[in-house]
**Q** 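I have a structure I would like to understand better, so I am pasting it below and will then ask my questions one at a time.
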Amino acid sequence: MNNTEIARLFRNVAAAYSIKDERKFRFQIIAYQKAADTVSNLTTEIGDFYKNNTLDTLPGIGVTIRSHLEELFKTGKVIHFEWALKDIPKAVFPLLDIPSFGPKKAYKLVKEFKLKNPDTVIGDLEKIAKAGKIAKLEGFGAKSQSDILRAIAEFRLGKGKTTRMTLPYAAEVADRVVSYLKQSEYVVEAEPLGSLRRKVSTVGDIDIAVATNNPKEVISHFTAYPHKERVIEKGEATSSILVSGGKQIDLMTQPPNAFGSLLQHFTGSKNHNVHLREYALKKGLSLSEYGIKKLSDKKLKIQKYDSEEKFYKAIGLSWIPPEIREDTGEIELAAVNKLPKLVELSDIKGDLHIHSSFSIEPSHDLGRNTISEMLVKAGNLGYEYLGFSEHNPSISKHTPTQIYNLIKKRNEDIEHILSNNKSVRILKLLETDILPNGDLAIDNKILELLDGAIVSIHSVFNMNSVDMTKRVIKGLSHKKAKILAHPTGRMLNERAGYELDWSKIFEFCKRNNKALEINSWPGRLDLPDVIVRLTVNAGVKMVINTDSHMSEQMDLMKYGVEVARRGWATKDDILNTLSYNEFSDWLKS
DNA sequence: GCCGTTTTCGGCCCGACTGTTTTCAGTCG
């Protein structure tokens, strides 16, 4: 079973517990939901954790769930799960994917109308609702019946829980709503929060916080948003709408003097907030978006905070950058004021993965702008150096001699340009394919023309982890091969990427002075943040590159820096924060 | 069922909103 299936199994077990006895199984439900979240967020198959005997390193997986997983991988089933799911009709579970359906509602409807077939249950329920039978049920009414019909219709259209947005897209949607909100005179401040503020690689829905002394007016203004499809809910302090394209926008408000606690609350993550509140409880403090209550104060008066810094300080913590608020150790370190100083965009001194339009007759796509145009942009960004890494010339269409001459010609062009442009230094690189057998696409004699090579996988992605790891390590073995570009090959929302044995890759890179790339392209963000964290811990260096094919794409560097920050990388972990001389020494190392 | 510079036992975040109710259950974040 793969991660998706196992996460679903855990969620179904949690739902079954909810239906059986929500109070009795309260903490088991939370535990299984948390385990499901852990599994669905993994970038490695959980079967590999089982094989490596490292299941106990995963948060939310303790002795019991671990033994259930071991039973699952050994025998293909788990007796305890079969017992837990035995009394629950299978038709309940597909309904749980529909927004507004929880275990209780799904179970009641399935039971009441004796729905048996999980494959047709959604359509069956729709017919029943259309026939007006749900409104007659106790606890339901005409409104809930029509809400069910709409929920099913929207679910079919893929609204609500659609594919997640890339960061620039989400930022654009959020910016439009924020600038609309700011048209209201009652909006003092408006900020996008949630996963967008934490810079998660993809964003599900858009969360916006508003500081106002008149929440009612602000919410009326919000629900009148011209691009809204419908209002999902509208209360006194919060509201949600669905906008065209099926994306959900959640709004929360607080008065300006309590905006700090709202920023904290609505930025999340959920796991960070839960841990933070448990931590504060032990100090006798109860936290919410309203502020902080001292439990020793019998009247439970709320202390308000206008800034996040003051809010964290009141709990005895240093301010935590949003990118690392994932409950992976940040609270413990903030308590002793030992958070790392994360790398910043202004630390970056160069970009090493640039495709110019120089006619190198490459194996893959060519850049759109000339070497000179790219250099102008680099100057505008304040860079000290730029690395040109066009794809290697196609090996099926050229002889080695032709390739040699093409690279030589590019080098001469660069030298010529350099004689007229002294402000930005240039590194002569090449993005070189690692062939399926691990050889590089160009030979040693040609590699010697370069300051260094960026190597990467562009074909035959479907190799297993063992073979792919051997392929990559062999590709990196040449002296000139210094950087592994987009190391997992993933494309967000498109393909998962191949698997590598990271401990072997790290060991090789560390011993041989090789670096892994963080590719800033918003559809890649590769390395993924969790692997950046492993890389940092392994003491292996990284380079943040844009992989630009046009000069304006060099602005995408910020996305790579955000990934690095989510992986707890400091300036020391990132090689292109070095000066030109230091970086060029590393290339020769 | 998980977890640990107060604990290997005894804790487990905190609130909003809706529909169907007349005080609350269910869902969501």
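We name chains A, B, ... by the order of the sequence lines, and we start the count at 1 in each one. Owing to the predicted nature of the structure, the values given are computational and were not obtained by experimental measurement.
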**Q** How many Å lie between CZ on A:F222 and C1' on B:dA16, as a whole number?
**A** 14 Å
**Q** Counting only side-chain heavy atoms from C-beta out, which of B:dG1, B:dC13, B:dC17 sits nearest to A:E233?
**A** B:dC17
**Q** So if I take every side-chain heavy atom of A:K143 and compare against B:dG15, B:dC17, B:dG19, which nucleotide ends up nearest?
**A** B:dG19
**Q** Please report the distance, rounded to the nearest Å, between CD in A:Q254 and C1' in B:dA16.
**A** 11 Å
**Q** Please state the C1' separation for the pair B:dT23 and B:dT18 - nearest whole angstrom.
**A** 15 Å
**Q** Quick one: which of A:E330, A:E326, A:E323 gives a salt bridge (charged side-chain N to carboxylate O under 4.0 Å, His left out) with A:R566?
**A** A:E326
**Q** What's the CG-P distance between A:L242 and B:dC28, to the nearest Å?
**A** 14 Å
**Q** Nearest whole angstrom, please: distance from the P of B:dC3 to the CD of A:E332.
**A** 12 Å
**Q** Nearest nucleotide by nearest heavy atom, which residue falls closer to the 5' end of DNA chain B, A:E236 or A:S288?
**A** A:S288
**Q** Quick one: A:R230 CZ to B:dC17 C1', roughly how many Å, whole number?
**A** 14 Å
**Q** Does a nitrogen or oxygen in the side chain of A:Y290 sit under 4.0 Å from OP1 or OP2 of B:dG15?
**A** no
**Q** With sugar-phosphate meaning primed atoms plus P, OP1 and OP2, does A:Y32 contact a base, only sugar-phosphate, or nothing at under 4.0 Å between heavy atoms?
**A** sugar-phosphate
**Q** Categorize A:K108 for me: base, sugar-phosphate, or nothing, with a 4.0 angstrom heavy-atom threshold over every strand shown.
**A** nothing
**Q** Indicate whether OP1 or OP2 belonging to B:dT18 is found under 4.0 Å from a side-chain N or O atom of A:S100.
**A** no
**Q** May I ask you to decide if A:D250's main-chain N or O and A:S240's side chain share a donor-acceptor pair within less than 3.5 Å?
**A** no
**Q** With C1' as the reference atom in both, quote the distance from B:dC13 to B:dT20 in angstrom, rounded to an integer.
**A** 28 Å
**Q** Spell out, as yes or no, whether a donor-acceptor pair under 3.5 Å connects the side chain of A:T253 to the backbone of A:V210.
**A** no
**Q** Taking the side chain of A:S286 as heavy atoms from C-beta outward, which of B:dG1, B:dC14, B:dG29 is closest to it?
**A** B:dC14
**Q** Using whole Å, what does the distance between atom P of nucleotide B:dC14 and atom CZ of A:F266 come to?
**A** 19 Å
**Q** Look at the side chain of A:V63 and decide which nucleotide, out of B:dC2, B:dG1, B:dG19, has an atom nearest to it.
**A** B:dC2
**Q** So which one's nearest nucleotide on DNA chain B is more toward 5', A:K34 or A:G139?
**A** A:K34
**Q** Between A:K270 and B:dG29, does any side-chain N or O lie under 4.0 Å from OP1 or OP2?
**A** no
**Q** Which nucleotide sits closest to the side chain of A:K104: B:dG29, B:dT27, B:dT18?
**A** B:dT27
**Q** With rounding to whole Å, what would you report as the distance between B:dG4 and B:dT8 at their C1' atoms?
**A** 8 Å
**Q** Can you confirm if the aromatic rings of A:Y186 and A:H221 lie within a centre distance of less than 6.0 Å?
**A** no
**Q** With A:F311 as reference, evaluate A:Y305, A:F259, A:W319, A:Y290 under the ring pair (Phe, Tyr, Trp, His ring centres under 6.0 Å) test and give the passing residue.
**A** A:Y305
**Q** Between B:dC2, B:dG19, B:dG29, which nucleotide has the shortest distance from any of its atoms to the side chain of A:S144?
**A** B:dG19
**Q** Once you round it to whole Å, what is the distance between P of B:dC28 and CG of A:D37?
**A** 14 Å
**Q** So is the aromatic ring of A:F101 stacked onto the base of B:dT27, judging by whether the centres are under 5.5 Å apart and the planes are under 30° apart?
**A** no
**Q** Going from CD1 on A:I302 to OG on A:S286, what distance comes out if it is rounded to the nearest 0.5 angstrom?
**A** 8.5 Å
**Q** Using the C1' atom as the point on both nucleotides, what is the distance between B:dT6 and B:dC12, in whole Å?
**A** 16 Å
**Q** If pairing requires Watson-Crick or G-U wobble contacts with both distances under 3.5 Å, which nucleotide is the partner of B:dC17?
**A** B:dG26
**Q** Please work out which residues in residues 275-284 of chain A have a non-hydrogen atom less than 4.0 Å from an atom of DNA chain B and list them by number.
**A** A:R277, A:E278, A:L281, A:K282
**Q** For A:H272, which contact category applies under a 4.0 Å heavy-atom criterion: base, sugar-phosphate, or nothing?
**A** nothing
**Q** Taking only the P atom of each, what is the distance from B:dT7 to B:dG1 in whole angstrom?
**A** 25 Å
**Q** Across the strands shown, which category fits A:L287 at heavy-atom distances under 4.0 angstrom: base, sugar-phosphate, nothing?
**A** sugar-phosphate
**Q** Between A:D526 and A:R490, is the closest basic N to carboxylate O distance under 4.0 Å?
**A** no
**Q** Remember a base hit wins even if backbone is also touched, and classify A:I29 as base, sugar-phosphate or nothing at under 4.0 Å, heavy atoms.
**A** nothing
**Q** When A:H68 is tested against each of A:W83, A:F81, A:Y50 for ring pair (Phe, Tyr, Trp, His ring centres under 6.0 Å), which residue passes?
**A** A:F81
**Q** Describe the nucleic acid contact of A:D147 in one word from base, sugar-phosphate, nothing, applying a heavy-atom distance below 4.0 Å.
**A** sugar-phosphate
**Q** Output yes when A:E126 and A:R156 qualify as a salt bridge under the 4.0 Å nitrogen-oxygen rule, no when they do not.
**A** yes
**Q** Can A:D124 and A:T120 be counted as having a side-chain donor-acceptor contact under 3.5 angstrom?
**A** yes
**Q** What is the distance, to the nearest angstrom, from the OH atom on A:Y107 to the P atom on B:dG26?
**A** 13 Å
